[in-house]
Structures are given as structure tokens and as C-alpha cells.
Amino acid sequence: MGILEINQLHKRFGQHEVLKGLEMDVPEHSIFGLVGQNGAGKTTTMKIILGLLKPDSGSVTVCGEKVAYGETKTNRHIGFLPDVPEFYGYMTAREYLKLCGEITGLSQTKTKVRSEELLELVGLKNEKKRIGSFSRGMKQRLGIAQALLNEPKLLICDEPTSSLDPIGRKEILDILLAAKGKTTVLFSTHILSDVERICDRIAVLHGGKLALYGTLAEVKQRHRYNGFVLEFENVETAAIFAKSKELQHPSISTTRSGNTVTVLLTGCDLDGHFFLDVLAQKRIVPLKFVALEPTLESLFLEVVQ
Amino acid sequence: MTGYLAFLKKEIFEYAKTYKLLILLVVFAVFGITNPLVAKLLPEILGSLVADGITITMPKATAYDAWTQFFKNATQMGLILTVILFSGVLSSELSKGTLVILLTKGLSRTAVILAKYTCMALLWTASIALCFGLTYVYTHYLFPADKVSNLPFSVFCLWLFGMFLLAVLLLSAVLTKSSYGCLLLTGAAVVACLLVNIIPAAHRYNPISLVTDKMGLIKNTIAVSSLFGAVFIAFLLALLFVSLAVLIFRKKQL
Amino acid sequence: MDLAMLREYLPLLIPLVILQFALGITALIHVLRHPAYRFGNKVMWVIIVVFIQIIGPIIYFTLGRGED
């Protein structure tokens, strides 16, 4: 059973239907990347999980407990980092974590120990200034610290990296990766390289539903193109290969640019051997012969078309 | 309960750190001191300004004048300032999004509203107590012989009206998004109370009678019992408004 | 107001003066130490806080004070 289960979730804002029967299942101890364009419903989904928004229909279960809109007990399992976390500017980071500890009902000593651990983890240990003077990245890091304070089973981060510079992004991703052993992480983003860097599972949200879902390897496997990229010594050889009559087949599409030829196979039982045979016949040795790997970007573009 | 206490502590800390506590206490303290002083000194100053030859007989100032000042200032300037200072009680947290994190940490929404009301009530009570205490001490010193009637009860009425107004404010804050909307709605509620007073029969039960009738109270021209209805209704409405604020806030989309 | 009167009421006025000063100085320190205001500039707020008793500091703290 997953730590988070979403069943047939529908949500409409006025005329605009954001979620149309979303189904999702997040297994324990995974880093789950929720990808989608701006306005795809990522934040809406998260707010529903947190009981901040009321779904029109459907249900969400966290750790086996159903989420109730408004006052929900399930939040005690969850740590949440909003896209732009805002704190009380007149407090210091330690004072804020102390308040969070009091609210979640942690003991004072426990709060103190956890605060020090987390401030160390997020690199704010020696920060004595008030939060009001923090930079965006520092707020984001404090946001992660507060989200992890009560050792949640599920950590939800809404676009934790979107507003940060490359260094800030790397820091945040490293912190999330470090948290993986202890908790399940669900984070939304539209930066695909972040997903490739740390996620083991991915879901692409498009048109109010999941357009793509599974482990990163699975998704890539499922969407593997039957195709190859061949690189030749020079343009002439590439042209000879590309124009050979064996390749003038309805289920083969060939594109050449310079000395590189890309061949795509659709709906036939031909495979790599066929091209190897063609090459052997023509007595051509390519410099490279590579099976086409789908990138996350190409997959994403494919599903959101 | 732990959430309520933690959040209440945070609220008080916030008012102290944002200087709102300081402003409230200083203003009410200044009123407390100036009320009897103005009552005492104004006739004497005016009297000394008048040139020789013309004699204006100024009525001698009494403790009654000091308390008139007290009730005038506390109900008008005092309450207006209080309401303005508290008008951002929810809107600032909602618009900035500071509350969302705490709510997702399991802080109950009921605790938020109740802690906010408690905090406002505590500050209002402290302010009015300070103002009353100072006016009392000064009046006692400046007008040792004078006695006014029904003083504790009229101050209680003023305090209760403040509590009623804060409940209105809280409900307005839950209903509207901005602090201006909150102020507007609270103002509208006061105007509504004043309009209701046009109906003579409603006067006895109108919360606003708590602050419009107190001069009669300290002069002893109005019987204490005539305000019992208004006390009861104000208390009931305050309770109702706070409960409504809780119920509506629990179902609010954030 | 003659001198005798002033002398008589001075002890009563002192707390009032202390309050005004305390508020004014708190506001002045804040104006100088937090140079970010919601509107206006430092000179303007110093003048308002120092010369307008009670009301000046209140206006500063409620309207003029920037975010921490």
C-alpha cells in the first residue's frame, strides 16, 4: 500500500476544470517527481492532499487515513514546503522552529535537538539574523527544515527549486536526496533535469490526469523509440546509406543531417539487425551505432502535445 | 490545546515585536492621564485667559468631568485605534501565506481563530484596565471629594462593548480578504447598531447602548438594570460571532 | 497658566512627558536603524516622529514602518 493514494480526483475552478479524475499512488521511501506545465494542477493537487482545498469529488488517503477538507488529522504525517515559503519576519530561524515544535506537540528537548540537526543539514546553523532579512534560498532551506521537523512520513515540496539559482538548486536537491532514507518525498517541478537528478519515480500531469507514470527506468523503457542514430566518417557515406533502396520502406523514416543519420522504425518487426545487414552489404563501417534513448524532455514534450 | 497555547504565545510575541502592543498601551496610558488633567485644567486655563473686568463664571470641574473625558476618549479614539490596529489580524497572515505552513503542521483552524480572539481580548482588557487605573488614581487625587455612581458597571459595559466589537472584527476578517474590507465591515456593523437604535424598543437590547448610555449611568439618571438586556445581547452576539468565525474559517479554501 | 499652577501640577504631568518621550525615542531609534520604509524617507520620518507628539510615532509604526 502506498503512503499516498489519490483516487478519481476532480476539481474545477469556475469554468476551468483543473483535475479530471486524477489517480496516483506514491509508494513509501521513494522520491516522487510530479511534473507538469504551469497551471497543470500540481499546486492544486498538493493543496487538496493537505486539506487546504476542497475537491469536487474523489478521495485522498495519506498513510491509510482519508484526508478531510478543512481540519485534517492526516497533516501530522506530512511536512509541507510551499512554493514561496513565508515565515514571521520578526522571528529567528530557531524561534520559528521552536514555534513549529510547540504546534506539533514535540517536547522542548526534542525540538531543540531536531532544530540543531536540521539547521545543520540545511546550512543555517550559524544564522542569527531575523527571517525578515533572509534571501530566497535561505527561506527555502528553512522551509525544508520546518517541513522535516516532526519527522514526517511524507514530505511534500511545491516547486522547491523553481525560483533559485543553480547553486541554490543543487543545495536543495542534495537536502531532498539526504532526506530520502527517512521519508517519502513528493515534489513538483517543471525543471526536468531536477527530476532526472534525484527522482526514482515520476508522474507527468497533463490535462487534469496523469499522462505518464512509473519509475524513471520503466517510463523510459515503455517509451523507448525503436530507432537508431548512426554517425559516419563523412557526409557522402552518410548520404549513400540514407538513400539506399533498402531503407525506402513505408515503416522506416530516415533523416540525415550532415554525417549523422537517424532512422525510426514504426509498426514493423524490423530491428537493429536489418540496418547492420544493410551496412554489411554496402561495406560501410559507421563511427557510431546507437539505439535511440528517450530523454525526459522528449517524453514530456510527446505527452503534452 | 497545545496548538492553541503555542499560537497564542506567538500572537502576543507578534504584537510586541511589531510595536502594536507598545502603541496600544502608550495611547491608553496617555488617555488615562490626560482625562482627569484636562477636566481639571481646562476650566482653569480658560479662566486665566479671560481678561480682567469680564467675569465668566466657569462651572467648577468635578470628577464627573474627568470620567466624561475617560468614556469619550476610550470609546471614540480608543476603540477606533484598537480596531485599526487589529484590522490585519487575519488578512496579513492569509495574503502572505504564513499561516499555511502552520496549518499543514497540524495546527487546528479552530485554535487559530480562538487564539487570535483571546489575544485581542487580552490586549484590549490590559489597555482599558491601564487607562481606567490611571484615570482613577488621577481623579482620586485631583477631585478627592467627588463621587460618581456605577463606575465599575459602566467600565464593564465599555469593556464588554469592546469585546463585542472585536468579535465583529474577527468575523469580518474571516469573511473578507483584506484589512480594509475588514475595517469596512466592522464600521458597517457599528452603523447598523446606531440605526437600530432609532427604534425606541430596540434601545434596551442594542449592544451600542453599552457605550451611549454610560454618562447617564455615572450620573445615576439611568438605572443599571436598564442595560441588562444590552449586556446579555452583546455577550450572546460576541459568542455567536466568534463561533461563526470558527465555523466559516474551518471551511475556508486557503 | 501661571507658574504656581504649573508647579502644582508638574508632578502629575511628568508621567505624561515620560510616555511621550519613551514612544518618540523608540520610534526614532527604529527609524534610524531600519532604513526601509513603506513610503517616505528617513528625514521625513525623523521629523514626523520627533515633532509630532504621540501621533507621529503611531503613524510611523502603523503606516510607515517597513518589513523587518
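Chain letters run A, B, ... following the sequence lines, proteins first, then strands; residues in each count from 1.
Residues from residues 6-13 of chain B that place a non-hydrogen atom less than 4.5 Å from a non-hydrogen atom of chain A comprise B/A6, B/F7, B/K9, B/K10, B/F13, given in numerical order. Residues of residues 156-188 of chain B lying within less than 4.5 angstrom of chain A, judged on heavy atoms, are absent.
Looking at A/I103, both its backbone and its side chain come within 4.5 Å of chain B, counting heavy atoms on both sides. Interface remark: B/E14 contributes backbone and side-chain atoms alike to the contact with chain A (heavy atom separation under 4.5 Å). Only the side chain of A/K47 comes within contact range of chain B, with heavy atoms under 4.5 Å apart.
Side-chain contact, B/T104 with A/N75: no donor N or O sits under 3.5 Å from an acceptor N or O. A/Y69 and B/Q253 share no side-chain donor-acceptor pair at under 3.5 Å. Of the N and O atoms on the side chains of B/T110 and B/R250, at least one donor lies less than 3.5 Å from an acceptor on the other residue.
Heavy-atom pairs under 4.5 Å with chain A peak, among B/T2, B/L107, B/I101, at B/I101. Put simply, of A/G143, A/G105, A/C100, the one with the most heavy-atom pairs under 4.5 Å next to chain B is A/C100.
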Just do the side chain to side chain donor-acceptor pair (under 3.5 Å) check on B/R204 and B/S209 with the steps written out, would you? CA-CA 7 Å; B/R204 279 177 70 95; B/S209 305; over 6 Å; no
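The environment of NZ in A/K125 is crowded: more than 12 heavy-atom neighbours from other residues, nucleotides or ligands sit within 6.0 Å. Annotation: A/K98, atom NZ; neighbour count of heavy atoms from other residues, nucleotides and ligands within 6.0 Å does not exceed 12. Remark: A/K153 NZ is loosely packed, at most 12 non-hydrogen atoms of other residues, nucleotides or ligands lying under 6.0 Å away. At most 12 heavy atoms of other shown residues, nucleotides or ligands fall within 6.0 angstrom of atom NZ in A/K209.
Without hydrogens or angle criteria, B/N206 side chain to B/C193 main chain gives a donor-acceptor distance under 3.5 Å.
A 4.5 Å side-chain heavy-atom check between A/L53 and A/F13 finds at least one atom pair inside the cut-off. Counting heavy atoms from C-beta on, the side chains of B/P36 and B/Y141 never come closer than 4.5 Å.
One distance of note links CZ of B/R109 with NZ of B/K251; it measures 8.5 Å at 0.5 Å rounding.
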